[in-house]
Amino acid sequence: MPLSGFPEYLPAERLAEQYVLDVIRRTFELHGFASIETRAVEPIERLVGSGEDADKEIYGVHRLAARSDERGGSDAELGLHFDLTVPFARYVVENAGKLAFPFRRYQIQKVWRGERPQEGRYREFTQADIDIVDAGELSPHFEAEVPLVVAEIFRQLPIGDFRIQVNNRKIPEGFYLGIGLTDVVGTLRIVDKLDKIGPDKVAALLVEAGATPEQAKQCLALAGIRTEDLSFVEQVRALGVQHPTLDEGLAALAAVIGTGLDLAPGTLVADLRIARGLDYYTGTVYETQLVGHESYGSVCSGGRYDSLATDGRTTYPGVGISIGVSRLLGLVIGRWGLTATRSTPTVVLVALTDEDGRGDALRTASALRARGIATEVAPRADRFGKQIRYADRRGIPYVWFPGAAGASDEVKDIRSGDQVAVDAATWAPPAEDLTPGLVRPP
RNA sequence: GUGGGCGUAGCUCAGCAGGUAGAGCAUCGCGUUGUGGUCGCGAGGGUCGCGGGUUCAAGCCCCGUCGCUCACCCCA
């Protein structure tokens, strides 16, 4: 019985997932990020401390044999981590003496959240994170770097157009303070519903929360600003609000968008309505949607955090971004039907004339594997039609026939039907057949 | 956590005044003792989510329960 929120894929879909993970890993490493893995559990106290009402999402972990009065006793209560940033912050502090700063790491792991599952929302899912953390001060140029790495990954995947929306929390914060609204978080939360409930209802909620109609109108005006270039600065200025925090935010966002314009035009969008992500973000925040699937939710988000990690003497500010691998796959596999070109890594099935030929077949397979060609030997010496069907069912592209009595071996591409005489010591498939690829059904 | 929808074969579904379960697809076998995909024939496979109740009789009605699903909340 499947458990809701704990997805499990069939082999072909898992191969598609691995393909995506391979692209992610290769690109992270290409940009010089080093891999780490942190334990699955953290003391609950640490997990709760970072997020407001994160506690209701946390899965607790304890020994079944532990009596209830032991839980929370001398041993700290443990919970499964709900993201990779909080454990990473702990890891940085613990290992600060052995790490070289600025420290760049990537981390691809499962995380758990105890929320009601829906399409694209799971209780167990995979995130792929990069973060850059420094000791004391973090240079702002890193805030432009991390989303561009993600853009490079997404461009390699068959997911269509995407937009990485960028904002800086200091912009709404300074703006709200500048017009006299002091409940920054509450205002953000309401404005964030804009896409879902529309401007009229947002305005109504803001007024209900204590804003004047004029303030509500100003908030909506700010939230409506979205540009692919630096003109958002002018548009905000035109609203006539003054506050030093607003100035800081505009300068910081302009720097990020400017770098994006220079290096990867069209991928970063300044969008002054987005504010989401966990609440430890202090400046730049990112959120990513696939064009045409905006309502599916963000498939990648992150931001800058100034004081998530601290040992009391030194703080370690960082900036990071997290690809929601499971959510992304939920869309492209679940909704689009994307899958792998075959359900097994096997490139070649070595056919068997009879059981006496198994020894030779195993030697043929070894010769092919020695050159990196994934090979398996037919399970039974069925008639060739069945052996070909064995390959066909699995999407294995080639069947290898042993040559009879001194004749040369032959390999057949069962997609085209082409069959040629070959030598196991030298034959190789075209590069595109070496590993499973991705296919999207018509 | 709150509120709606739905649970029959591996999948999509049918079934009915309540009368002891069916189709298509998939799987497997044979036709085809050695080169598949088409076609033909055939086979296997179900405690009708689970438990209780009403009834001579329940997949169908009633109660409960579990699960799945959608929305809210929140987020990847």
Side-chain angles (χ1 to χ4, degrees), chain A residues 1-7 10 20 24 51-58 81-86 107-129 150 154 162 164 188-190 192-193 195-197 274-281 285-290 293 295-303 320-332 334 349 351-355 357 378 380-402 404 410-420:
Chain A
M1 275 283 110
L3 265 182
S4 174
F6 295 86
L10 291 169
V20 169
I24 292 172
E52 284 300 306
D53 36 26
D55 55 325
K56 65 180 181 187
E57 298 181 7
I58 297 171
H81 55 220
F82 59 85
D83 74 2
L84 300 177
T85 308
V86 171
Q107 197 167 342
I108 302 173
Q109 284 183 242
K110 287 280 171 58
V111 305
W112 294 267
R113 290 183 196 174
E115 284 203 278
R116 273 284 213 284
Q118 293 175 31
E119 185 185 31
R121 304 184 49 182
Y122 311 100
R123 299 205 262 218
E124 177 179 73
F125 57 100
T126 300
Q127 290 192 317
D129 282 35
V150 170
F154 281 11
F162 59 91
I164 301 179
L188 275 175
R189 184 158 301 194
I190 294 169
D192 189 51
K193 299 178 192 293
D195 282 328
K196 221 166 246 173
I197 65 177
I274 77 144
R276 299 161 78 178
L278 287 318
D279 46 13
Y280 44 70
Y281 295 124
V285 288
Y286 318 101
E287 190 168 306
T288 309
Q289 265 111 34
L290 300 190
H293 299 271
S295 63
Y296 185 74
S298 176
V299 293
C300 173
S301 66
I321 196 163
S322 174
I323 299 173
V325 178
S326 300
R327 174 172 286 183
L328 188 61
L329 292 166
L331 184 70
V332 299
L349 175 75
L352 228 43
T353 303
D354 51 51
E355 273 306 318
R380 294 186 351 193
D382 284 319
R383 62 172 209 271
F384 285 166
K386 282 196 179 184
Q387 298 191 52
I388 290 171
R389 193 165 62 172
Y390 176 97
D392 188 44
R393 290 278 159 80
R394 293 163 177 76
I396 297 169
Y398 297 95
V399 176
W400 189 281
F401 295 102
E410 299 193 349
V411 70
K412 175 188 180 107
D413 181 334
I414 66 173
R415 296 161 300 187
S416 62
D418 296 343
Q419 184 167 334
V420 291

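In what follows, every chain begins at residue 1, and chains take the letters A, B, ... in the order their sequences are listed. Note that the structure is a prediction, hence the values are computed from the model and not measured.
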* To do: Remember a base hit wins even if backbone is also touched, and classify Lys193(A) as base, sugar-phosphate or nothing at under 4.0 Å, heavy atoms.
  => sugar-phosphate
* Which pairs pass side chain to side chain donor-acceptor pair (under 3.5 Å) with one or both residues in residues 410-419 of chain A, sequence neighbours excluded? -> Tyr398(A)-Arg415(A), Glu410(A)-Gln419(A), Asp413(A)-Arg415(A), Arg415(A)-Asp433(A), Ser416(A)-Asp418(A)
* Asked: With nearest nucleotides of RNA chain B determined for Ser4(A) and Gln127(A) from heavy-atom distances, which residue corresponds to the more 5′ nucleotide?
  -> Ser4(A)
* Structure fact -> Hits for salt bridge (Lys or Arg N to Asp or Glu O under 4.0 Å) against Asp382(A), two or more places apart or cross-chain, chain-then-number order -> Arg380(A)
* Base C74(B) to side chain Arg113(A), donor-acceptor N/O within 3.5 Å cut-off -> no
* **Watson-Crick or G-U stems of RNA chain B, 3 or more pairs, under 3.5 Å, by first number** => B:1-7 with B:66-72, B:10-13 with B:22-25, B:27-31 with B:39-43, B:49-53 with B:61-65
Between protein and nucleic acid, restricted to nucleotides 3-11 of chain B and to nitrogen or oxygen atoms under 3.5 Å apart, what atom pairs and distances do you find?
none

* Examine A76(B): is either OP1 or OP2 under 4.0 Å from a nitrogen or oxygen in the side chain of Ser301(A)? Give yes or no. => yes
* Asked: Which letter, B, S or -, goes with each nucleotide of nucleotides 26-35 of chain B from 5' to 3', with contact meaning a protein heavy atom under 4.0 Å?
  -> -SSSS-SSBB
* Asked: Is it true that the NZ or CZ of Arg394(A) lies under 6.0 Å from the centre of Tyr390(A)'s six-membered ring and within 45 degrees of the ring axis?
  -> yes
* Contacts of Gln127(A) that satisfy side chain to side chain contact (heavy atoms under 4.5 Å, CB included) - sequence neighbours left out -> Asp83(A), Leu84(A), Val111(A), Arg113(A), Phe125(A), Asp129(A), Ser322(A)
* Which part of the nucleic acid does Gly297(A) contact within heavy-atom distance under 4.0 Å: base, sugar-phosphate only, or nothing? -> nothing
